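Take a look at the structure set out below.
Ligands are counted one by one from 1 in listed order, and the atoms in each one are counted from 1 as well. In what follows, residues are counted from 1 in the order of the sequence shown. From a predicted model like this one, the values you see are computed outputs, not experimental measurements.
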Amino acid sequence: MDIAQLERGIVKGDRRALSRAITLVESSRADHRQLAAELVEALKGEGGVAREALRIGLSGTPGVGKSTFIEAFGGMLTAEGLRVAVLAVDPSSARSGGSILGDKTRMDRLSRDPNAFIRPSPSGAHLGGVGRRSREAVALCEAAGFDVVLIETVGVGQSETVVAEMADLFVLLLAPAGGDELQGVKRGIMEIADIILVNKADGDLKSAASRTCADYSGALRLLRKRAQDPEGFPKAMMVSALEDTGMQAAWQEMRALADWRRAHGHWDARRAAQARYWFGEEVRQGLLAQLAAPEARAAMEELGAAVAEGRTTPAIAAQALLERIGAQTGKRG
Ligand SMILES: Nc1nc2c(ncn2[C@@H]2O[C@H](COP(=O)(O)OP(=O)(O)OP(=O)(O)O)[C@@H](O)[C@H]2O)c(=O)[nH]1
């Protein structure tokens with residue numbers, strides 16, 4: 001594998017090089033991980049200046065219309081001459097052979113658009129692994145000169161938090177609710193959302209969408225004001241991905257928010273905090289990997305038995321284990 005060649009290809013915008021590089025960062029082989037880390041490092045700040053895309057996290061429960069939305073929204077952006085990458089983060093990998101976007105026919109037009117690049121979720125990994133790989137894939141797309149990187153995740157479990165840690169903006173897609181209930185959207189997700197888009201605001205669903213939008217606007221007003229938000233944010237809006245309405249308005253709000261954050265220092269601060277988060281995550285993943293090594297597993301077994309038989313205590317045994325695998329314990333640190 002020639003890293004320098006891959007690097008040149010990516011910077012030139014060669015899609016095949018980008019695809020191959022993403023495959024490399026998705027690999028869990030130790031030698032691949034090393035090469036991937038080198039590649040991402042090499043691409044960081046080509047010529048001293050890092051290319052920067054607008055990274056938009058997009059979440060929504062199955063059936064809310066994510067694919068339809070991305071098709072309409074992404075198509076609008078490419079029609080404006082922007083280059084758009086779509087990545088998925090799906091730790092459960094339960095659907096369509098292990099990836100949200102595996103079935104590309106769901107984004108038929110966009111997948112054939114020369115200004116768009118669609119990449120399914122890496123399959124068969126736990127959330128920690130998927131998060132890291134996706135973050136590196138985002139960095140590769142940025143280096144390849146995409147203007148917008150959409151990071152899609154299905155609205156279950158913890159994946160929103162992971163996506164929020166790699167996105168500049170977070171958009172939550174909702175469907176019109178039947179009654180006045182707030183669809184059981186967890187408070188934590190409301191708190192990371194910058195823009196809520198109530199989709200399917202068309203036909204018979206229009207008035208329900210309008211009520212849902214008003215409910216969420218009210219709920220968002222009750223949330224604590226965040227320093228990184230200008231007046232009026234976070235906000236709820238209506239769109240119809242099917243009828244392709246509200247897309248321009250949604251894009252305008254996203255850009256307004258991004259511009260404001262750039263102008264007020266929040267953009268850089270957020271990216272810096274995210275870099276710090278991923279550093280911590282790498283350390284945690286590295287320690288977990290050490291625990292999975294055969295010697296560590298054997299020590300775990302041995303010390304576990306000693307604890308079970310009452311020959312030592314859990315705390316003392318844990319210290320002994322950490323010392324054996326060379327991790328810094330509080331005592332030595
Ligand atoms: N009326 C209406 N239907 C929509 C709209 N957007 C999507 N749908 C329909 O909702 C269904 C689900 O849309 P998808 O785009 O596949 O939804 P998804 O969120 O990607 O679904 P998952 O793959 O299950 O996560 C399809 O039947 C769409 O045609 C919309 O704006 N209005």
Going by an N to O cut-off under 4.0 Å, is there a salt bridge joining [X] and [Y]?
X    : Y    : value
R135 : E281 : no
D194 : R226 : yes
R324 : E295 : no

Ligand-residue contact atoms, ligand 1 with T68, heavy atoms, under 4.0 Å = 6 (N), 7 (C), 13 (O), 14 (P), 15 (O), 28 (C)

Would you say [X] and ligand 1 have an N/O pair spaced under 3.5 Å apart?
X    : answer
G65  : yes
N199 : yes
A241 : yes
L242 : yes
K66  : yes

What pairs meet the salt bridge (charged side-chain N to carboxylate O under 4.0 Å, His left out) rule with one or both residues in residues 238-250, with sequence neighbours excluded?
-> none

What residues form a side-chain contact (heavy atoms from CB on, under 4.5 Å) with R29, not counting sequence neighbours?
-> S27, D31, H32

Charged tip of R261 within 45° of W267 ring normal and under 6.0 Å = no

Any T61 heavy atom less than 4.0 Å to ligand 1 | yes

Nearest non-hydrogen atom to atom 11 (C) of ligand 1 belongs to which of A175, S59, G63, S240?
-> G63

Closest heavy-atom pair and its distance - E80, W251 = OE1-NE1, 3.5 Å

Logged contact type for D202 with ligand 1, heavy-atom cut-off 4.0 Å, is side chain

